[in-house]
Structures are given as structure tokens and as C-alpha cells.
Engineer: 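Before I ask anything, let me first share the structure, which is written out below as C-alpha cells.
All residue numbers refer to positions in the sequence shown, counting from 1. Because the structure is a prediction, the values reported are computed rather than measured. Excluded from the calculations below are hydrogen atoms, water molecules and symmetry mates; all remaining heavy atoms, backbone and side chain alike, are included.
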Amino acid sequence: MVERGYGWIIFKKSDDLDDELLSAIENKHEKTCLSKYCEVPLLFIDDLGVERAGDRVIRQYYKIIDKRIGEGLTTVITSNAPKDKLDMGDRISSRLELFLSIEFPKVDIRKQLEITML
């Protein structure tokens, strides 16, 4: 089951994913919502770590990440925080250790754009 319009890929900002997962609980369709993110061939989660890492968030993200690793599905996660600084619990942290990390220089592109636009 994949999000309409995406086919084989879903791109989701982490805080929007968190909102959707919370809404799914409130509307009693958490299992269906989690399945969508567990089963899509390519999942891109942008800016992990901006959401509040409460028990519910950690549980839901763990289910998604663990299932995707177990199924060998491609998952791309971006964050402004290094993996060891994400406050997502030990179980998620240990699974993120399996991910390839690419660290970019800590240059704020937005500030550079402001300078060039002056």
C-alpha cells in the first residue's frame, strides 16, 4: 500500500510523518498507516529528530525502521543531528548504526544565498 501519487516512493518530512501517525491512532487506522511506510519500496524521511521523541513516536518509528531493515527496503533519512545525537531511543539508534552516513560540511546554504542576493 503506497501513498497516492508516489507509486514506489514516499518522501515525508519527519514532523509531518509524526502528525500523520498520531492522527492514525486517533482515527483507529494506525496499522494501515504504519503498513504504508513499512512496505513502500523507497522511503525518504527528511529531518529526523525535529519531532518530540516521546514513547509513541519512538515506538512507531521503531516499527517502521525495523520492518524496513528486515525486509531489505531502501530508506533514506536526513537529519541536522549526527546519528549518535538523535534522541530516538536505544533500539532506533542501534538500527541507525546499520545505515550508511554521509556528513556534509556544516555550512548554512541559506545564509550564503542571502549574501549573494544582496
Engineer: For Ile69 and Leu98, run side chain to side chain contact (heavy atoms under 4.5 Å, CB included): C-alpha distance rounded to whole Å, both residues' side-chain angles, the deciding distance at 0.1 Å, then the answer.
Structural biologist: CA-CA 9 Å; Ile69 289 171; Leu98 301 172; 4.1 Å; yes
Engineer: Please identify each residue that fulfils side chain to side chain contact (heavy atoms under 4.5 Å, CB included) with Glu26, with sequence neighbours left out.
Structural biologist: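 Here the qualifying residues are Leu22.
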Engineer: Is a side-chain N or O of Asp16 found less than 3.5 angstrom from the main chain of Lys12, in a donor-acceptor match?
Structural biologist: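 A pair under 3.5 Å: no.
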Engineer: Nearest 0.5 Å, please: how far is CD1 in Ile9 from OG1 in Thr74?
Structural biologist: 9.5 Å
Engineer: Are Glu20 and Lys36 ion-paired here, with the side-chain N under 4.0 Å from a carboxylate O?
Structural biologist: yes
Engineer: Out of curiosity, Asp46 CG to Ile77 CD1, how far, rounded to the nearest 0.5 Å?
Structural biologist: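 Reported value, rounded in 0.5 Å steps: 11.0 Å.
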Engineer: Please identify each residue that fulfils side chain to side chain donor-acceptor pair (under 3.5 Å) with Ser93, with sequence neighbours left out.
Structural biologist: none
Engineer: What distance separates Glu39 CD from Tyr37 OH, expressed to the nearest 0.5 Å?
Structural biologist: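 The distance works out to 12.5 Å.
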Engineer: Is Val40 reachable from Tyr62 through a run of I, L, V, M, F, W or Y residues, each pair having side-chain heavy atoms under 4.5 Å apart?
Structural biologist: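 Yes, one cluster joins them.
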Engineer: Partners of Glu71 by salt bridge (Lys or Arg N to Asp or Glu O under 4.0 Å), sequence neighbours excluded?
Structural biologist: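 Glu71: salt bridge (Lys or Arg N to Asp or Glu O under 4.0 Å) contacts with Lys67.
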Engineer: Would you check if Val76 and Ile45 make a side-chain contact, meaning some heavy-atom pair closer than 4.5 Å?
Structural biologist: no
Engineer: Which residues satisfy the salt bridge (Lys or Arg N to Asp or Glu O under 4.0 Å) test with Asp19, sequence neighbours excluded?
Structural biologist: none
Engineer: May I ask you to decide whether Arg95 forms a salt bridge with Asp66, counting only side-chain N to carboxylate O separations under 4.0 Å?
Structural biologist: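 Between Asp66 and Arg95 there is a salt bridge, with a charged N closer than 4.0 Å to a carboxylate O.
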Engineer: I'd like to know if the side chain of Ser79 and the backbone of Gly49 have a donor-acceptor N/O pair within less than 3.5 Å.
Structural biologist: no
Engineer: Identify, with sequence neighbours excluded, every residue that meets salt bridge (Lys or Arg N to Asp or Glu O under 4.0 Å) alongside Arg68.
Structural biologist: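 Arg68 satisfies salt bridge (Lys or Arg N to Asp or Glu O under 4.0 Å) with no other residue.
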Engineer: More than 12 non-hydrogen atoms from neighbouring residues, nucleotides or ligands closer than 6.0 Å to CZ on Arg91, yes or no?
Structural biologist: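 Open.
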Engineer: If we ignore hydrogens and angles and just use 3.5 Å, is the side chain of Thr78 paired with the main-chain N or O of Asp47 as donor and acceptor?
Structural biologist: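 Yes, the answer is positive, given that a donor and an acceptor are paired below the 3.5 Å cut-off.
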Engineer: Taking atom CG as the centre, does Asp90 end up with more than 12 heavy-atom neighbours from other residues, nucleotides or ligands that are less than 6.0 angstrom away?
Structural biologist: no
Engineer: Can Leu43 be reached from Ile58 by stepping across I, L, V, M, F, W or Y side chains whose heavy atoms are under 4.5 Å apart?
Structural biologist: yes
Engineer: Could you state the interatomic distance from NZ (Lys63) to OG (Ser35), rounded to the nearest 0.5 Å?
Structural biologist: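 Going from the NZ atom of Lys63 to the OG atom of Ser35 covers 9.5 Å.
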Engineer: Once side chain to side chain contact (heavy atoms under 4.5 Å, CB included) is applied, do any residues pair with Leu21, and if so which ones, sequence neighbours excluded?
Structural biologist: Leu17, Cys33, Leu34, Arg56, Gln60, Tyr61, Ile64
